[in-house]
Protein chains: 2
Amino acid sequence: MGPNAYAATCPTRLVLDRIADKWAVLVLGLLLDGPVRFNQLRRTIEGVSQKMLSQTLKSLERDDLVTRKAIATVPVTVEYSITSLGKTLAVTVDSLRIWAEAHMESVQDAQQRYDARKAAGL
Amino acid sequence: MGPNAYAATCPTRLVLDRIADKWAVLVLGLLLDGPVRFNQLRRTIEGVSQKMLSQTLKSLERDDLVTRKAIATVPVTVEYSITSLGKTLAVTVDSLRIWAEAHMESVQDAQQRYDARKAAGL
DNA sequence: CAGAATCCAGCTCGATACTG
DNA sequence: CAGTATCGAGCTGGATTCTG
């Protein structure tokens with residue numbers, strides 16, 4: 001890494017900021033299976049508020065990770081799809097899922113040991 | 001993915017929560033080159049407050065991603081090292097860095113186009 | 001040197017109400 | 001159905017001060 005690798009503008013920081021948004025990751029994962037409508041997403045993703053979902057979709061669209069298609073029915077329906085760019089990100093994030101499934105148990109064990117040590121008065 | 005894949009307890013969410021902390025990622029990356037002392041980290045990582053660094057190191061240690069070693073000099077010096085578990089995570093996060101370097105320019109272009117469209121009155 | 005503790009400004013996010 | 005607008009509680013994180 002170069003001397004400015006720890007500056008706020010490095011590309012890695014920008015992706016991390018993006019996937020730091022858990023709703024964004026969940027939306028991308030869901031859309032891998034095909035287009036989904038707004039309220040359908042809302043119902044599927046446990047715990048999203050309508051505000052957060054709306055916000056998340058807007059910024060995913062801004063990043064060209066997701067496309068929005070309004071269909072002129074009455075009332076209007078809106079369909080969200082993942083883009084090819086979005087797919088490449090979703091695939092990459094999947095490597096984190098794999099790491100998690102392989103190692104998160106170790107991490108949680110470590111946390112318990114740490115907490116137990118602290119509780120024992122250090 | 002199973003029916004509960006979108007619940008808050010899935011392992012993927014836990015890793016994402018971890019690497020959502022930008023300081024944690026930067027610390028892990030730095031420690032790949034070898035052990036570093038507290039204030040050395042503080043000086044190298046542009047923009048960390050002492051509070052955040054301290055907090056980050058503590059939780060990285062709790063997760064067994066980093067180890068802390070106090071050396072009884074006067075005044076005391078403390079050395080942080082990455083663990084083997086930490087290395088596996090750092091390597092995985094690197095795939096995100098690669099994605100970022102390959103695609104973040106497209107994303108930023110998309111953002112500009114999106115903003116321009118909005119500024120043009122939609 | 002390596003922190004812990006306190007205080008507080010700012011942002012996030014959920015809840016609620018309203019719209020085309 | 002698919003959102004927008006507004007308000008307020010709560011958490012986050014910087015600045016500052018103090019310690020072994």
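None of the values given here were measured: they were computed from a predicted structure.
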Exercise. Taking only the side-chain nitrogens and oxygens of Y80(B), find out if one of them lies under 4.0 Å from OP1 or OP2 of dG3(C).
Key: yes

Exercise. Answer yes or no: does a side-chain N or O of S54(B) lie under 4.0 Å from OP1 or OP2 of dA4(C)?
Key: yes

Distance check needed: [N] [atom2] versus [X] [atom1], whole Å only.
{"X": "N39(A)", "N": "dA2(D)", "atom1": "CG", "atom2": "C1'", "answer": "6 Å"}
{"X": "F38(B)", "N": "dC1(C)", "atom1": "CZ", "atom2": "P", "answer": "11 Å"}
{"X": "R43(A)", "N": "dG3(D)", "atom1": "CZ", "atom2": "P", "answer": "13 Å"}
{"X": "Q55(A)", "N": "dC13(C)", "atom1": "CD", "atom2": "C1'", "answer": "8 Å"}

State, to 0.1 Å, how close [X] and [Y] come at their nearest heavy-atom pair, and which atoms those are.
{"X": "R42(A)", "Y": "V48(A)", "result": "NH1-O, 3.2 Å"}
{"X": "T67(A)", "Y": "T83(A)", "result": "CG2-CG2, 3.5 Å"}
{"X": "V15(B)", "Y": "A100(A)", "result": "CG2-CB, 3.0 Å"}

Self-check item: Trace of the salt bridge (Lys or Arg N to Asp or Glu O under 4.0 Å) decision for R62(B) with D115(A)
Solution: CA-CA 8 Å; R62(B) 188 170 104 104; D115(A) 293 346; 2.5 Å; yes

Exercise. Answer yes or no: is there a donor N or O on one side and an acceptor on the other, between the side chain of T56(B) and the main chain of M52(B), under 3.5 Å?
Key: yes

Self-check item: Min side-chain heavy-atom separation Y80(B)-V27(B) under 4.5 Å
Solution: no

Quiz item: Below 4.5 Å, heavy atoms only, C-beta onward: do W99(A) and L89(B) meet side chain to side chain?
Solution: yes

Show me the donor-acceptor pairs within less than 3.5 Å that the side chains of residues 101-110 of chain B make with the rest of the protein, sequence neighbours left out.
| from | atom 1 | to | atom 2 | distance (Å) |
| --- | --- | --- | --- | --- |
| E101(B) | OE2 | R97(B) | NE | 3.3 |

Quiz item: Under a 4.0 Å heavy-atom cut-off, which of residues 57-73 of chain A touch DNA chain D?
Solution: K58(A), R68(A)

Using a cut-off of under 3.5 Å, enumerate the N/O to N/O pairs linking the protein to nucleotides 14-20 of chain D.
| from | atom 1 | to | atom 2 | distance (Å) |
| --- | --- | --- | --- | --- |
| dG14(D) | OP2 | S49(B) | OG | 3.0 |
| dG14(D) | O6 | K51(B) | NZ | 2.3 |

